[in-house]
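In what follows, a single structure is set out as C-alpha cells and then discussed.
Here the structure is a predicted model, which means the values were calculated and not measured.
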Amino acid sequence: MCPYRLILEHVTSRWGVLVLILLLDRPHRFNELRRAIGRVSEKMLTQTLQTLERDGLVHRDAKPVIPPRVDYSLTGLGREAAGQVRALAAWTEERMEKVQEAREAYDTAKGNGKGR
C-alpha cells in the first residue's frame, strides 16, 4: 500500500474523522473525546489517537500530576488535515438530501428492474 493511502485511511477512518473534527475546536482529554464521540471503545479510541499521533497529526501532552492528566490537541499538520475533513463533513451534511434522493431513485430503479 502506498504511504499516502495509509495516511488517508487513518484520517478518514470512522473514528479518525471524529477525533480530528473535535480537536479542531480545542484540546480534549481522553474521556471528553470518548463522551463526545459516543459508542467508541476505549481500545479503539486509544488506537486511533496513537495512530494519529504517530502520523504527526495529534499531540499528546501528559502532565506529571496526580491523578495523571493527558490532553490531546492537533499539531499544525493535524489542523490542516482536520480542516479538510471538516469541509468534507460539512459538504456531506449540506448534500444529504440530494444523496437520499439519489438512493431512493436507485433503490426504486433496482426494485423495478427486478420485477418487485
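- Distance check, rounded to the nearest 0.5 Å: SG of Cys2 to CD1 of Ile7 gives 11.0 Å.
- At most 12 heavy atoms of other shown residues, nucleotides or ligands fall within 6.0 angstrom of atom NZ in Lys98.
- Of the candidates Leu52, Leu74, Thr75, Thr75 is the only one forming a side-chain contact (heavy atoms from CB on, under 4.5 Å) with His59.
- Residue-environment remark: CD (Gln100) exceeds the threshold of 12 foreign heavy atoms within 6.0 Å.
- For the pair Leu22 and Ala36, the tightest heavy-atom approach, listed with the atom from each and the gap, is CD1-CB, 3.7 Å.
- Atoms CZ and CD1, from Arg39 and Ile37 in turn, are 12.5 Å apart once rounded to the nearest 0.5 Å.
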For residues 27-34, run the donor-acceptor check on the side chains, cut-off 3.5 Å, and write out each pair with its distance to 0.1 Å, sequence neighbours left out.
from  : atom 1 : to    : atom 2 : distance (Å)
His28 : ND1    : Arg26 : O      : 2.9
Glu32 : OE1    : Arg29 : N      : 2.7
Glu32 : OE2    : Arg26 : NH2    : 3.4
Arg34 : NE     : Val40 : O      : 3.0

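- Within a 6.0 Å radius of CD in Glu93, other residues, nucleotides and ligands contribute 12 heavy atoms or fewer.
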Which atom pairs, donor and acceptor, lie under 3.5 Å between side-chain atoms of residues 77-92 and protein residues at least two apart or in another chain?
from  : atom 1 : to    : atom 2 : distance (Å)
Arg79 : NH2    : Leu24 : O      : 3.3
Arg86 : NH2    : Asp25 : OD1    : 2.6
Thr92 : OG1    : Leu88 : O      : 2.8

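- Here the side chains of Asp71 and Lys63 are in contact, with some heavy-atom distance below 4.5 Å.
- Smallest separation of non-hydrogen atoms from Tyr72 and Val58: CD2-CG1, 3.9 Å.
- Cluster membership check: Leu57 does not share its hydrophobic cluster with Leu6, using side-chain heavy-atom separations under 4.5 Å among Ile, Leu, Val, Met, Phe, Trp and Tyr.
- Note on Val19: it clusters hydrophobically with Val70, by side-chain heavy-atom contacts below 4.5 Å among ILVMFWY residues.
- Distance CG/Leu49 to CG/Leu23: 7.0 Å, rounded to 0.5 Å.
- When all heavy atoms of Met44 and Ser41 are compared, the pair lying nearest together is N-OG, 3.0 Å.
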